[in-house]
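Heads up: the structure comes next, in structure tokens.
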Amino acid sequence: QVSLVESGGGSVQAGGSLTLSCSTSVDISSISCVGWFRQSAGKEREGVAAIAPGIDISHYVDSVKGRFTFYLDNAKKTMYLQMNSLKPEDTAMYYCAAADLFRSQNSCGRFDLGSRVSWGQGTQVTVST
């Protein structure tokens, strides 16, 4: 399992920006799929962004395309979610995740990290009007 520690959440007004960070205990390039997920009150957890590090192509849920950017810093063993033009509907607990077993690029692009997943502790993002 991978140890993941998140930071960077907070409260911001609509239109503002936040950057979430997730430090990992292993070389990110050794992981087949990493991602960011979010869960808001009364809703199921949803995939927000994912990358297969070996291929380095980012995938995003439609609602954040053009506003969020997911990128990796392998030297720092850290992944980031840059969030711009935030909307109240982006309010949620955000989790970073890493697949513990191999996932194909297709699975990663569908935010399918498989049956064994390492999760961060979560960081709250609140966007007010």
Side-chain angles (χ1 to χ4, degrees):
Q1 263 196 328
V2 181
S3 176
L4 304 170
V5 180
E6 300 157 9
S7 61
S11 297
V12 65
Q13 287 191 324
S17 299
L18 284 173
T19 299
L20 306 183
S21 302
C22 176
S23 62
T24 70
S25 59
V26 301
D27 185 348
I28 297 176
S29 64
S30 69
I31 307 172
S32 63
C33 182
V34 292
W36 287 92
F37 292 74
R38 66 186 180 187
Q39 187 169 21
S40 54
K43 294 185 177 181
E44 292 187 355
R45 188 176 295 184
E46 68 166 347
V48 175
I51 292 176
I55 299 173
D56 205 22
I57 296 176
S58 305
H59 305 273
Y60 300 93
V61 67
D62 286 347
S63 60
V64 308
K65 285 181 179 177
R67 300 188 298 121
F68 289 13
T69 303
F70 183 17
Y71 59 100
L72 311 178
D73 187 330
N74 290 325
K76 295 182 178 180
K77 297 182 184 177
T78 302
M79 46 188 171
Y80 301 90
L81 185 67
Q82 171 70 43
M83 306 184 295
N84 298 325
S85 302
L86 282 161
K87 304 176 181 180
E89 50 263 44
D90 294 318
T91 294
M93 185 71 79
Y94 283 71
Y95 301 87
C96 58
D100 288 336
L101 300 177
F102 174 79
R103 306 304 294 166
S104 68
Q105 182 189 1
N106 285 340
S107 294
C108 194
R110 297 193 304 270
F111 309 111
D112 176 8
L113 270 61
S115 59
R116 285 177 54 183
V117 182
S118 294
W119 294 96
Q121 81 281 8
T123 186
Q124 178 69 36
V125 172
T126 302
V127 184
S128 60
T129 56

CD of Q13: more than 12 outside heavy atoms within 6.0 angstrom? no

Could you report the tightest heavy-atom contact between V64 and V48, atom names first, then the distance? CG2-O, 3.8 Å

Please find the pair of heavy atoms, one from G35 and one from F70, that lie closest to each other, and give the distance. CA-CE2, 3.8 Å

Nearest heavy-atom neighbours spanning V117 and A97: CG1-CB, 3.8 Å

Hits for side-chain contact (heavy atoms from CB on, under 4.5 Å) against C22, two or more places apart or cross-chain, chain-then-number order -> L4, E6, W36, M79, C96

Do S118 and D100 meet the criterion of a side-chain donor-acceptor pair at a distance under 3.5 Å? yes

Can you list every salt bridge (Lys or Arg N to Asp or Glu O under 4.0 Å) pair that touches residues 107-129, not counting sequence neighbours? R103-D112

Is there a path from V2 to V5 through hydrophobic residues (I, L, V, M, F, W, Y) whose side chains come within less than 4.5 Å of each other? no

Could you measure the distance from the NZ atom of K77 to the CD1 atom of I31? Nearest 0.5 Å is fine. 10.0 Å

Do the two ring centres, one from Y80 and one from Y71, sit under 6.0 Å apart? yes

Closest non-hydrogen atom pair between I51 and P53, with its separation: O-CD, 3.2 Å

Is a donor on one side and an acceptor on the other found under 3.5 Å between the side chain of Q105 and the backbone of G109? no

Test side-chain contact (heavy atoms from CB on, under 4.5 Å) applied to L20 and V125, step by step: CA-CA 9 Å; L20 306 183; V125 172; 4.0 Å; yes

With sequence neighbours excluded, what pairs up with S17 under the side-chain contact (heavy atoms from CB on, under 4.5 Å) test? Q82, N84

Taken to the nearest 0.5 Å, the spacing of L81 CG from Y60 OH works out to 7.5 Å

Between A99 and S32, which heavy-atom pair has the shortest distance, and what is it? CB-OG, 4.2 Å

Please give me the minimum heavy-atom distance between S25 and S3, naming the atom from each residue. OG-N, 2.9 Å

Under the side-chain contact (heavy atoms from CB on, under 4.5 Å) rule, collect the residues that match up with T126, sequence neighbours excluded. S11, T91, Q124

Rounded distance (nearest 0.5 Å) linking atom OG of S23 with atom CD1 of I28: 9.0 Å

Here the disulfide bond (SG atoms under 2.5 Å apart) pairs for residues 97-129, sequence neighbours left out, are C33-C108

Between CZ of R38 and CZ of F68, what distance do you get to the nearest 0.5 Å? 5.5 Å

My understanding is that only residues two or more places apart in sequence, or in another chain, count here; which of them pass salt bridge (charged side-chain N to carboxylate O under 4.0 Å, His left out) with R67? D90

If we ignore angles and hydrogens, is there a donor and acceptor under 3.5 Å between the side chains of S104 and N106? no

Here the gap from Q39 atom CD to E44 atom CD, rounded to the nearest 0.5 Å, amounts to 8.0 Å

